[in-house]
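Input: a single structure, listed below in structure tokens.
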Amino acid sequence: MGDTSPQSRLRALSSTARQRQERTMVLLAEQERLEQKPADVIARQISLKMDLIDVRRQLNGELAVHQIPDEILVDIFHLVRGVPGPTYRDDQNWLMLHSVCHHWREVLCSTTAFWRNIFMHRDFEWTRLCFSRSQNSLLSLYFIHGPLIIPDSALQSTFLPLSAPRVRSLSFVGSNPRIPGIVLHLLADTTTGIPALTSLSLHWPYEGKSMPIPEPVEHLVCQLQSLTLHVYAVPTAIVQCRHLRSLRLLNTTFPHTTLEQLLTMLCHNLLLEELVIQGSRKTDGLPHSHASFESSPVQYYHIPIAFTRLETLRLNSSRTFIQHMLGRFRFPQAIEVEVISDGHNVVPAGEGVLSQCLSLGRQSWVETLPVLSNATALSIDVDDDFWGCRMRATIPDTENPAVLSVEHMDVRSSSILPHVLRDIIRTFSAAPMSKISLEVGRGRAIDRSAAAETWASFFRAFPLLDTLSLIGPYTAAWSMWEGLLLACSAESVDASCCPRLRRLTIVEHYPNDFLTSARTLTARKLMIDTLEVRARRGQLLQSFNLKRLDRSRLLSGGPCQELTELVDSFAYNVGPDMPELKFQLWD
């Protein structure tokens, strides 16, 4: 019999417990070992991914696009980012550029030049990041539409005082009218001031009453190289500027600056590359916002002053200011030109509209604006009614068309057309003009006898003319045919009488009874006679497009019969080999 004493039973229970504990320890160790395996797999997976990323970066580094120097990449990134403006947002472009590859992200984050354009309407953290990554580079600060999200305390204690020595450019676009003054005071009141500031832009989007200029601008304007004001009054201290490269005064007023002071200031800034001066246009007969300049007598100088670097010239001001500018200065390098004059209280006499309102005295347009001498195409638009007109001359064959325009011209003579033709001759006769388009309002009939001789001079002035388009009352076309016939019928006909004229487009506006009256026979015969004279000299048309607006189209027989006879006349006198011949009648 076995030992059944209490001691034996206790030893048996202790042995069983030890065995259970040993098995438990073994199982726990196995559990820990198995649980560690996924972690090892994950670590191995992460390690493999990092190795893969490393290899991909090395492969990317071998691509040609990554051989571009970082400086050029930054320039490309700036172009992708866009130009700051009232509706500018750069969020998506930033995310897009950061997400392309590791190399681009490193370039973006490490290049201070890419962080120096700071838009202060962004959140606090983003603004702080921009200031931090810009390091010691010069800054351009933009305050665009909407309230500032940055706390005032951060502006006053952190951003503006610390960055004042580095601020190169300030732009306020449609922001709260109080913000420019507050920001400029915070920057200017520091111990260092704003010594690097060279560009300032104040743009108020609502036209009307002129905005007062912030007081600190008066102390800063003399150090600027670029100044843009929109609706703000021009500061008095502008006369002290000596380093301007760009001056844009849009819908501004000159409350404390005379015309002579303004012109003198321009004389001291001959390195200007861009000059834009535009006064606000008034309606209901009110004077131009620069009308205060009208009292200054125009002076012409024997030795004009030249802006040798100026490429952009845009003037929209009072007649006197335009005349002073064109009489005193020359713009030999200007390629973007717009000159618009107010023509109130000016009635054209013997001169043309442009010649009288944009008077050049003894100088020619080619001397003042050589860009006009290179024009090959010209478009003239005369919005003519009983009380006045608006004339706009455009050179459309350049990337940035040159424009000469006169607004609100008082014309109470019988015809504006002779004045317009004189302008074309005087302004553009030195240019190799091959295409001219002329549209005259149909407010009144045209004095043919006064216009025919001017048309003859017009055709003699442009020997390279190939294409002519004329839109206007029927008397405009009638006088054109008379002038062309007069020029071609002269005793000595040489190359000066438009020998290359091959394409004609005529759009005529007729009174209600014209096509049914005897005058139609005279007009048609004049046209055919003129073309016959040119045909005998071998000057045949290649394209002729005649459109007639006739409100009497429903009258029986007249219009249809007239057009039928006209087509027959062309077929007989010009010949059937004309590539393009169109006659259209519409109401």
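Computation of the quantities below employed the complete heavy-atom set of this structure, encompassing side-chain atoms and omitting hydrogens, waters and symmetry-equivalent molecules.
- Looking at heavy atoms from C-beta onward, R330 lies in side-chain contact with T368 at the 4.5 angstrom threshold.
- Using a 4.5 Å heavy-atom threshold, the side chains of F172 and L141 count as separate.
- Between the side chain of E218 and the backbone N or O of A237, at least one donor-acceptor pair lies under 3.5 Å.
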Could you list the donor-acceptor pairs under 3.5 angstrom formed by side chains in residues 220-229, with sequence neighbours left out?
unit_1	atom_1	unit_2	atom_2	d
Q223	NE2	I194	O	2.8
Q223	NE2	L197	O	3.0

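- Looking at every heavy atom in both residues, F131 comes nearest to R166 through O-NH2, 3.9 Å.
- Contact check on E260 versus R328 returns a salt bridge, with a Lys/Arg side-chain nitrogen under 4.0 Å from an Asp/Glu carboxylate oxygen.
- Using bins of under 30°, 30° to 60° and over 60° for the plane-to-plane angle, the ring pair F329/F307 lands in the tilted bin.
- Inspection of the N251 and Q278 side chains reveals an N or O donor paired with an N or O acceptor under 3.5 Å.
- For H185, there are no side-chain hydrogen bond (donor to acceptor under 3.5 Å, both in side chains) partners two or more places apart in sequence or in a different chain.
- Using a 4.5 Å heavy-atom threshold, the side chains of T308 and L270 count as separate.
- By the 6.0 Å contact criterion, NE2 on H256 is open, its count of non-hydrogen atoms from other residues, nucleotides or ligands being 12 or less.
- Across every non-hydrogen atom of H243 and N269, the tightest pair is N-OD1, 3.1 Å.
- In this structure, S47 contributes its side chain and A43 its backbone to no donor-acceptor pair below 3.5 Å.
- The aromatic rings of H203 and H230 sit parallel to each other, their planes meeting at less than 30°, with 60° as the upper class boundary.
- Listed by chain and number, the residues in a side-chain hydrogen bond (donor to acceptor under 3.5 Å, both in side chains) with S171 amount to none (sequence neighbours excluded).
- Counting only heavy atoms from C-beta outward, the side chains of I213 and V234 never approach each other to under 4.5 Å.
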key: Residues V167, L187; criterion side chain to side chain contact (heavy atoms under 4.5 Å, CB included); working and verdict   = CA-CA 9 Å; V167 175; L187 291 170; 4.2 Å; yes
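- Within a 6.0 Å sphere centred on CZ of R242, heavy atoms belonging to other residues, nucleotides or ligands number more than 12.
- The neighbour count for D54 CG, taken as heavy atoms of other residues, nucleotides or ligands under 6.0 Å away, is above 12.
- One N or O on the side chain of W115 and one on the backbone of L108 form a donor-acceptor pair closer than 3.5 Å.
- Two residues are said to be in side-chain contact when any heavy atoms from C-beta on lie closer than 4.5 Å; L326 and I322 meet this criterion.
- Listed here is the closest heavy atom pair of G181 and P214: CA-CB, 4.1 Å.
- Minimum interatomic distance between A306 and P332 (heavy atoms only, all atoms of both residues): CB-CD, 4.3 Å.
- A distance-only check finds no donor-acceptor pair linking the side chain of T257 to the backbone of F254 [under 3.5 Å].
- A salt bridge links E338 with R392: at least one charged nitrogen is closer than 4.0 Å to a carboxylate oxygen.
- Residues passing the side-chain contact (heavy atoms from CB on, under 4.5 Å) test with A431, sequence neighbours excluded: A375, M433.
- In this structure, N316 contributes its side chain and S341 its backbone to no donor-acceptor pair below 3.5 Å.
- Looking at heavy atoms from C-beta onward, L315 lies out of side-chain contact with V276 at the 4.5 angstrom threshold.
- For the pair F119 and T127, the tightest heavy-atom approach, listed with the atom from each and the gap, is O-OG1, 4.3 Å.
- Proximity of a side-chain donor or acceptor of S134 to a complementary backbone N or O of C130 within less than 3.5 Å is detected.
- R168 is linked by a side-chain contact (heavy atoms from CB on, under 4.5 Å) to R116, L138, S140, T198, counting only residues two or more places apart in sequence or in another chain.
- Closest non-hydrogen pair, L310 versus F331, comes out as CD2-CD2, 4.1 Å.
- The side-chain heavy atoms of Y142 and V173, taken from C-beta on, include no pair separated by under 4.5 Å.
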key: Audit row: L262, T264, side chain to side chain contact (heavy atoms under 4.5 Å, CB included) steps and yes/no   = CA-CA 5 Å; L262 178 61; T264 302; over 6 Å; no
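- Within the 4.5 Å cutoff, the side chain of I471 has no heavy atoms near those of the L438 side chain.
- At least one donor-acceptor pair under 3.5 Å links the side chain of T258 to the backbone N or O of Q261.
- T312 pairs by the side-chain contact (heavy atoms from CB on, under 4.5 Å) definition with E274, R314, E336, not counting sequence neighbours.
- Distance alone, capped at 3.5 Å, is enough to place a donor-acceptor pair between the S434 side chain and the T376 backbone.
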